[in-house]
Amino acid sequence: MRPEDYWIARGEDVIGLDVLRDGEQARQAATYQAIAEAINDWAIFEVLDVGCNIGALYDWLVAFSKFDYLGIDTNIQAIQIARKRGLYAGIGNLCYLPYSDRFFDCVVVKDVIEHLENIEPLREAFRVAAEYAILSTYLPWHDAPSRIV
């Protein structure tokens, strides 16, 4: 399945998180917190959020530091909401990132891996990451504290 077709196949009403800090409801607040703290600790200035949905990660980052944020997602509805919220976000996917090598200080790929048919697209995340790439997936049956390794 093409990345652009994933959300279409799930139905028009599926947009993922739809309120600020809704990660708490999905038991993902600790994950968002861990990612935001790592980005702050590493003094990251340019962040690419692949699979950003409506930009929930941005809401966690603003509590820490100043940074440049770009979110991309294949979900047109989610991107429209992110833009209405004032975020710099666009339609895109992990199969092709139109940026030069090492363009972003950090690339975050959260809750995307489980939607890939193979891991080949992850090469793009590593290619455009200058310093850090954070790969995260949600395992709802796992209650261990979130941490960045």
Side-chain angles (χ1 to χ4, degrees), residues 1-10 14-23 26-140 142 146-149:
M1 174 181 301
R2 294 177 334 142
E4 299 81 17
D5 297 332
Y6 176 79
W7 288 104
I8 293 169
R10 291 193 62 186
V14 177
I15 60 166
L17 303 177
D18 59 3
V19 295
L20 228 53
R21 300 254 178 154
D22 200 22
R27 295 184 58 197
Q28 294 193 48
T31 302
Y32 282 113
Q33 182 79 16
I35 293 170
E37 287 176 358
I39 288 172
N40 183 60
D41 291 347
W42 297 332
I44 299 299
F45 297 106
E46 296 172 340
V47 177
L48 174 63
D49 185 4
V50 178
C52 68
N53 202 279
I54 66 166
L57 176 60
Y58 178 89
D59 299 328
W60 290 86
L61 290 173
V62 295
F64 287 98
S65 61
K66 183 176 178 354
F67 57 91
D68 290 329
Y69 173 92
L70 170 63
I72 64 169
D73 204 299
T74 60
N75 183 339
I76 295 167
Q77 294 167 293
I79 290 299
Q80 289 171 340
I81 292 171
R83 287 178 178 166
K84 285 179 186 174
R85 296 180 55 226
L87 302 185
Y88 188 61
I91 302 300
N93 69 67
L94 192 54
C95 295
Y96 171 72
L97 299 174
Y99 308 102
S100 60
D101 294 355
R102 302 176 55 80
F103 191 83
F104 296 93
D105 294 327
C106 181
V107 176
V108 178
V109 182
K110 183 184 176 306
D111 295 338
V112 172
I113 299 168
E114 63 269 29
H115 304 296
L116 300 176
E117 292 179 5
N118 62 64
I119 62 168
E120 188 64 29
L122 291 177
R123 289 181 191 266
E124 278 290 276
F126 294 121
R127 181 185 64 77
V128 300
E131 296 290 327
Y132 303 97
I134 298 175
L135 307 176
S136 172
T137 190
Y138 182 55
L139 303 174
H142 191 278
S146 294
R147 61 190 178 99
I148 300 298
V149 178

Student: Taking only residues two or more places apart in sequence or in another chain, which ones pass side chain to side chain contact (heavy atoms under 4.5 Å, CB included) with Phe103?
Tutor: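 Counting only residues at least two positions away or on another chain, Phe103 forms a side chain to side chain contact (heavy atoms under 4.5 Å, CB included) with Tyr99, Ser100.
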Student: Say you draw a straight line from CD of Glu46 to OH of Tyr69; how long is it, rounded to the nearest 0.5 Å?
Tutor: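 Going from the CD atom of Glu46 to the OH atom of Tyr69 covers 14.5 Å.
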Student: Search all heavy atoms of Ile79 against all heavy atoms of Gly71 and return the closest pair with its distance.
Tutor: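 Closest pair (atom of Ile79, atom of Gly71, distance): CD1-O, 4.4 Å.
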Student: Using 0.5 Å steps for rounding, measure from the CD1 atom of Ile44 to the SG atom of Cys106.
Tutor: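 Separation between the atoms: 5.0 Å.
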Student: side-chain contact (heavy atoms from CB on, under 4.5 Å) between Val108 and Tyr132: does it pass, once the steps are laid out?
Tutor: CA-CA 8 Å; Val108 178; Tyr132 303 97; over 6 Å; no
Student: If we ignore angles and hydrogens, is there a donor and acceptor under 3.5 Å between the side chains of Tyr58 and Asp49?
Tutor: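 No donor-acceptor contact under 3.5 Å links the two side chains.
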Student: Could you list the residues that satisfy ring-ring contact (aromatic ring centres under 6.0 Å, His included) with Phe45, not counting sequence neighbours?
Tutor: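 By the ring-ring contact (aromatic ring centres under 6.0 Å, His included) rule, Phe45 matches no residue at all.
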Student: Which heavy atom of Leu61 sits nearest to which heavy atom of Val47, and what is that distance?
Tutor: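 It is CD1-CG1, 4.4 Å.
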Student: Give me the atom names and distance for the closest heavy-atom approach of Gly51 to Asp73.
Tutor: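 Reported closest heavy-atom pair: C-OD2, 3.2 Å.
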Student: Calculate, to the nearest 0.5 Å, the distance between atoms CD1 and CD1 belonging to Ile119 and Ile113 respectively.
Tutor: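 These two atoms lie 9.0 Å from each other.
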Student: Can you tell me how far CD1 of Ile91 sits from CZ of Arg83, rounded to the nearest 0.5 angstrom?
Tutor: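 Separation between the atoms: 6.0 Å.
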Student: Kindly write out the residues that satisfy side chain to side chain contact (heavy atoms under 4.5 Å, CB included) with Arg127, not counting sequence neighbours, or none if the list is empty.
Tutor: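 Scan of Arg127 (side chain to side chain contact (heavy atoms under 4.5 Å, CB included), adjacent residues dropped) gives Leu97, Asp101, Glu124.
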Student: Pick from Ile134, Val50, Leu70: which one makes a side chain to side chain contact (heavy atoms under 4.5 Å, CB included) with Val107?
Tutor: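 Looking at Ile134, Val50, Leu70, the match for Val107 under the side chain to side chain contact (heavy atoms under 4.5 Å, CB included) is Val50.
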Student: Can you name the residues that form a side chain to side chain contact (heavy atoms under 4.5 Å, CB included) with Phe126, not counting sequence neighbours?
Tutor: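 Testing Phe126 for side chain to side chain contact (heavy atoms under 4.5 Å, CB included), a comparison that skips the adjacent residues, returns Leu122, Ala133, Leu135.
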Student: Could you state the interatomic distance from OG1 (Thr137) to CG (Asp111), rounded to the nearest 0.5 Å?
Tutor: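 The CG atom of Asp111 is 5.5 Å from OG1 of Thr137, to the nearest 0.5 Å.
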Student: To the nearest 0.5 Å, how far apart are CG in Asp105 and CH2 in Trp42?
Tutor: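 Reported to 0.5 Å precision, the distance equals 11.5 Å.
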Student: Going by side chain to side chain contact (heavy atoms under 4.5 Å, CB included), name the residues that satisfy it together with Glu131, two or more places apart in sequence or in a different chain.
Tutor: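 Only Arg102 meet the side chain to side chain contact (heavy atoms under 4.5 Å, CB included) criterion with Glu131.
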Student: Please report the C-alpha distance between Lys110 and Leu57 in whole Å, then the side-chain angles of each, then the deciding distance to 0.1 Å, and finally whether the side-chain contact (heavy atoms from CB on, under 4.5 Å) criterion is met.
Tutor: CA-CA 9 Å; Lys110 183 184 176 306; Leu57 176 60; 5.9 Å; no
